[in-house]
Amino acid sequence: MPHPARPIRPALTGLSPEALAAWLQHAGHPAFRTRQILDWIWKKNVGAVAAMSNLPAALRAGLTESFRFDSLQHTHTQGAADTTRKFLFRLHDGRYVECVLIPANPALYGDTADRHTLCVSSQVGCAYGCKFCASGLAGFTRNLDASEIAGQVLAAARLSGERIDNLVFMGMGEPLANLDPLLAAIALITGPQTLHLGARHLTISTSGLVPQIRRLAEHPQQLRLAISLHGASDEVRDKIMPVNRKWPLAELLDSLAYWNSLKKQKLTLEYILIAGINDSLAQAALLARHARRLHAKVNLIPYNTVDGLAWQRPPETHCTAFLQTLQRAGVPATLRFEKGHDIAAACGQLRLKQETADGLI
Ligand code: SAH
Ligand code: SF4
């Protein structure tokens, strides 16, 4: 029986190769075990120490005694194979986190390759309180650690049986408000001994945390950045995104120019279309100006309704007019209506329902 006051064991899926090697050395095991264990966790994705069949029983027992395997207990899947699927996980403290697997979309990737994108969460809840967003509704609970972030990728691959090629940090939370654990997770996701995804297949989305954008710009990996702009003037952004009061548009745009000076990949500006709030064609013209200056592409996303919020998406004809304003100004822009986004963009809602049912909220 574990002692009730015993601290939670660290997760194997959060250990860097160096930390695992140090633990093995300290416990008197040969160095080659590091590679074997990393292969079981990251390449074979077995999900349990018991399945690591080439390890001596004493080492398996030692690992089990000192570590938990990961941090995510799968409790629910929404959606079916071949469609967008959302996975809900219970964390060790009873909180919930979700991630969304979005199947190949030739319209987005320009080919028919069998690509799957996983939308990953970085926090439980979010402190930034954007007025339109389910994740911000119940406020902030806590940051995820590296194992809880990287573990979503392993768990979703195991549960779906799919290869995951792209990651977008667009689930619950503000990834740049949890930057050190995020970077530790990214090191595991991109590391050659661990998951080994290319950094340019990872997109971090932020509502506009200027100092962290500058810090990430200086990070050596070629990560992609998406900005949740949602308003092309301070007047509009102030109304729907409290973060804009702290870092107004001019400062945000400056930090993005700095990003461009250090990075190769094009920036993406995300723009939700909300009827009567940010969808005037005057906003489209301003947005086109910002995008042209930054050589950015624009993703237009018709707003998905959220339980308890009154916002609506504009009619399809108006969304198209907004898109055309951008395109006529020479800005590469897309408008997505596909169904996947109905669950993908509602990231945060499943967790809210579950935590409410469990009496946590
Ligand atoms: N906090 C980060 C990342 C998570 S949100 C950020 O804000 O960028 C992922 C994206 O979903 C953001 O662009 C967010 O603005 C958008 N989003 C939130 N609620 C939405 C809704 N109801 N409909 C469509 N997109 C939504
Ligand atoms: Fe947080 Fe992003 Fe939602 Fe804003 S849009 S509340 S920053 S998760």
Side-chain angles (χ1 to χ4, degrees), residues 10-24 30-49 51-55 63 67-72 85 87 89 99-105 108-109 111 113-122 144-171 175 178-205 216 218-226 263-265:
L12 279 176
T13 53
L15 280 190
S16 66
E18 297 73 27
L20 179 60
W23 182 86
L24 285 165
F32 70 87
R33 296 290 182 205
T34 308
R35 187 58 190 260
Q36 287 180 329
I37 295 169
L38 291 173
D39 280 357
W40 285 117
I41 299 173
W42 296 100
K43 314 281 187 210
K44 299 178 188 140
N45 194 4
V46 287
V49 170
M52 300 182 180
S53 55
N54 59 357
L55 304 184
L63 287 171
F67 303 99
R68 61 188 199 279
F69 185 83
D70 67 4
S71 317
L72 305 167
R85 263 166 293 171
F87 303 108
F89 301 100
C99 64
V100 180
L101 185 67
I102 305 160
N105 184 333
L108 284 180
Y109 299 110
D111 58 34
D114 188 23
R115 286 172 194 275
H116 283 74
T117 298
L118 189 71
C119 179
V120 176
S121 293
S122 54
L144 297 184
D145 66 21
S147 77
E148 291 165 331
I149 298 174
Q152 292 172 57
V153 189
L154 289 177
R158 228 170 25 237
L159 289 164
S160 67
E162 305 288 359
R163 207 183 99 197
I164 294 167
D165 311 88
N166 290 291
L167 295 189
V168 292
F169 292 93
M170 294 186 183
N178 188 22
L179 191 51
D180 289 329
L182 177 78
L183 290 176
I186 288 175
L188 292 166
I189 290 164
T190 58
Q193 292 179 272
T194 45
L195 202 57
H196 210 193
L197 274 184
R200 63 182 202 290
H201 295 288
L202 273 55
T203 302
I204 298 168
S205 179
L216 197 61
E218 290 161 9
H219 184 77
Q221 289 181 297
Q222 287 295 329
L223 299 160
R224 289 180 195 262
L225 187 66
K263 298 286 191 202
K264 292 192 213 119
Q265 317 284 0

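No hydrogens, no waters, no symmetry mates; every other heavy atom, side chains included, goes into these values.
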Taking all heavy atoms of [X] and all of [Y], pick out the closest pair and write down the distance.
| X | Y | answer |
| --- | --- | --- |
| Pro17 | Thr34 | O-CG2, 3.8 Å |
| Ser71 | Ala11 | OG-CB, 3.6 Å |
| Ile164 | Ala157 | CD1-N, 3.7 Å |
| Ala199 | Gln221 | CB-CB, 4.0 Å |
| Ala156 | Leu118 | CB-CD1, 3.6 Å |

Quiz prompt | Worked verdict on Phe69 versus Leu63 for side-chain contact (heavy atoms from CB on, under 4.5 Å) | solution = CA-CA 9 Å; Phe69 185 83; Leu63 287 171; over 6 Å; no
Exercise. Please test Arg224 against Lys264 for side-chain contact (heavy atoms from CB on, under 4.5 Å), starting from the C-alpha separation and ending with a verdict.
Key: CA-CA 9 Å; Arg224 289 180 195 262; Lys264 292 192 213 119; over 6 Å; no
Quiz item: Is there a donor-acceptor pair closer than 3.5 Å between any side-chain N or O of Thr194 and the backbone N or O of Leu188?
Solution: yes
Exercise. Check whether any side-chain N or O of Lys263 sits under 3.5 Å from a backbone N or O of Glu218 as a donor-acceptor pair, and report yes or no.
Key: no
For the [atom1] atom of [X] and the [atom2] atom of [Y], what is their distance to the nearest 0.5 Å?
| X | Y | atom1 | atom2 | result |
| --- | --- | --- | --- | --- |
| Leu15 | Leu38 | CG | CG | 8.5 Å |
| Gln152 | Leu159 | CD | CG | 11.5 Å |
| Thr190 | Leu223 | OG1 | CG | 7.5 Å |
| Leu183 | His219 | CG | NE2 | 5.0 Å |
| Ile41 | Asp70 | CD1 | CG | 9.5 Å |
| Cys99 | Leu167 | SG | CG | 10.0 Å |

Residue pair [X] / [Y], side-chain heavy-atom distance below 4.5 Å:
| X | Y | result |
| --- | --- | --- |
| Leu154 | Leu195 | yes |
| Val100 | Phe87 | no |
| Phe169 | Thr203 | no |
| Ile37 | Leu24 | yes |
| Val168 | Val120 | no |
| His116 | Arg163 | no |
| Glu162 | Leu101 | yes |

Quiz item: For Arg200, does the CZ atom sit with more than 12 other heavy atoms under 6.0 Å from it, leaving out its own atoms?
Solution: no
Practice problem: Classify the side-chain pair Trp40/Asn45 by whether it contains a donor and acceptor separated by less than 3.5 Å. | Solution: no
Quiz item: Is there a side-chain contact (heavy atoms from CB on, under 4.5 Å) between Leu216 and Ile204 once you walk through the steps?
Solution: CA-CA 10 Å; Leu216 197 61; Ile204 298 168; 3.6 Å; yes
Quiz item: Going through the checks in order, is the side-chain contact (heavy atoms from CB on, under 4.5 Å) test met by Lys43 and His196?
Solution: CA-CA 9 Å; Lys43 314 281 187 210; His196 210 193; 4.1 Å; yes
